[in-house]
Amino acid sequence: MNDTRHFDDEIQDLLDGRLGEAERARVEEHLAGCAICAAARERLVGVKTATWRALRAEEAPSRVSAAIAAALDREQSAVRRRRWLAAAAAALLAAVAGLVTLARRPALPDAAASDFARIADGSVALEMSTPDAAVLERFFEARGIPFRTRVLDLGMMGYRLIGGRVQSLRGRPSALFVYRGPDGRLLVCQMYRGTLEELPTEARHFEHGGIVFRAYRRGGSTQVFWQEGEVTCVLVSDAPIEQVVPLAFAKAMKP
Amino acid sequence: MSEPTAEKRERFEKTALPFLSAVHSAARRLTRNTEDARELAQETFLRAFRAFESFRPGTNCKAWLLTILYSIFVNRYHKAKRTPRTVPLDELEERLAAAPEPAESGGRPPAWSDAEVEAAFGRLPEGFQAIVLLVDVEELTYEEAAVALSVPVGTVRSRLFRARKLLAAALEDHARRAGYLGRPRDHR
């Protein structure tokens with residue numbers, strides 16, 4: 001059955017392909033029998049076609065594409081520059097952060113004092129318990145300590161070896177071994193790759209057998225450092241400096 | 001980590017630059033000024049390049065570019081210049097309503113010349129020009145045009161319908177004045 005009213009928007013929907021199947025059939029049926037609506041469709045088709053033909057894109061002038069290419073070139077350079085600057089800033093920041101971290105790291109005597117305290121209170125356990133110096137030396141070798149360790153027998157001084165562990169002393173591997181003294185006092189020795197120049201200057205200096213010793217009191221303990229070749233050694237005890245230095249004299253050996 | 005600029009540039013040129021003519025033409029129609037059109041097209045591609053990560057491959061890149069273009073046009077050229085270049089819509093519709101549509105004129109409607117169409121298009125209100133450009137010239141869907149113009153799809157439809165009628169009436173009015181379209185018969 002034909003609709004008796006004239007169509008308006010429906011004709012545009014039809015032209016734009018936005019009608020469902022049933023609605024499209026209904027409008028087309030009406031258009032077939034209604035000259036007024038058919039003319040309206042012709043009119044709109046004419047306008048749509050003429051608009052497309054008159055306004056459709058013409059090829060952009062070459063100077064427009066050249067201007068766009070140049071703008072993109074500038075943008076790319078700016079992005080590269082920004083990225084380079086960002087990378088440089090990040091590197092600078094990392095370097096500053098590194099320096100700050102380095103500055104905040106405890107000095108070696110403090111680090112050694114802290115390790116001593118943790119061994120003493122049991123918060124750091126020994127990895128190898130043995131009274132045998134040779135066994136401990138082999139243990140350190142097996143654990144990849146990058147230098148030959150020399151675990152001395154301090155039995156003559158009343159100290160007996162009880163064991164050791166691989167420690168990290170301010171980020172570097174250290175061979176740590178522990179003795180117990182006659183009065184139950186602990187004595188901790190650490191050996192690591194380093195130099196005496198890394199130590200704070202405000203120390204008490206001793207010399208024995210051509211070897212220089214530097215003694216500190218930090219964190220309630222005594223730390224006595226000396227150098228054996230590429231290896232720095234430190235003895236730590238809660239005894240006063242005067243009692244620890246003779247132990248260091250006994251243990252120290254010229255390479 | 002963002003994509004190296006050389007690869008991004010290559011991908012952008014492959015995807016977006018084929019629509020340079022469409023973008024430049026739309027810019028020319030909207031600004032009606034060669035220099036402004038070049039600047040608008042350039043700015044469109046520059047912004048598109050910067051935001052290229054947000055373009056979803058497989059979607060209509062031309063619609064995406066025209067969305068960027070229209071946003072720049074509205075914010076920069078249109079708002080900045082604020083020059084009323086078109087006849088107010090009410091006035092236009094009133095004037096054209098006085099000239100009735102030809103009905104049952106018999107035969108096909110006249111083939112309008114490009115110059116006549118361009119002149120009639122130029123007299124359309126700006127929002128109507130944009131919608132005609134996007135849908136009838138660049139063949140965006142109503143939905144794509146709605147995104148580009150930041151209006152609901154229903155508004156796209158109603159504005160488009162009115163714009164076509166306004167164009168038709170303007171062309172017929174012109175033809176009547178020029179004497180090559182007969183007086184319409186009374187109808188409806």
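In what follows, chains carry the letters A, B, and so on, assigned in the order in which the sequence lines appear, proteins first and then strands, with residues in each chain numbered from 1. Values reported hereafter were calculated over all heavy atoms of this structure, with side chains retained and with hydrogens, waters and symmetry mates removed. Just so it is clear, the model here is predicted, and its values are computed rather than measured.
Here A:R56 does not pair with B:E138 in a salt bridge; the nearest charged N to carboxylate O distance is not below 4.0 Å. With salt bridges taken as basic N to acidic carboxylate O contacts below 4.0 Å, one links A:R18 and B:E143.
Between A:A60 and B:S21, the shortest heavy-atom distance links the atoms N-OG, 3.2 Å. Of all heavy-atom pairs spanning B:V117 and A:T51, the tightest one is CG1-CA, 3.8 Å.
Of all residues spanning residues 115-126 of chain A, none has a heavy atom less than 4.5 Å away from chain B's heavy atoms.
The only option from B:R9, B:K8, B:R50 that meets the side chain to side chain contact (heavy atoms under 4.5 Å, CB included) definition with A:L72 turns out to be B:R9.
Using a 4.5 Å cut-off between heavy atoms, A:A70 makes no contact with chain B at all. Of the atoms belonging to B:F12, it is side-chain heavy atoms, and not backbone ones, that fall under 4.5 Å from chain A. With a 4.5 angstrom heavy-atom cutoff, B:V137 touches chain A via backbone and side-chain atoms both. If you measure heavy-atom distances from A:L55 to chain B, the contacts under 4.5 Å come from both the backbone and the side chain.
For B:Q42 (side chain) and A:I68 (main-chain N/O), no donor-acceptor pair under 3.5 Å exists by modelled atom type. Proximity of a side-chain donor or acceptor of A:R53 to a complementary backbone N or O of B:W112 within less than 3.5 Å is detected.
Between the CZ atom in B:F45 and the CD atom in A:E75 there is a gap of 14.5 Å [rounded to 0.5 Å].
Heavy-atom neighbours of A:E23 CD from other residues, nucleotides or ligands within 6.0 Å: above the threshold of 12.
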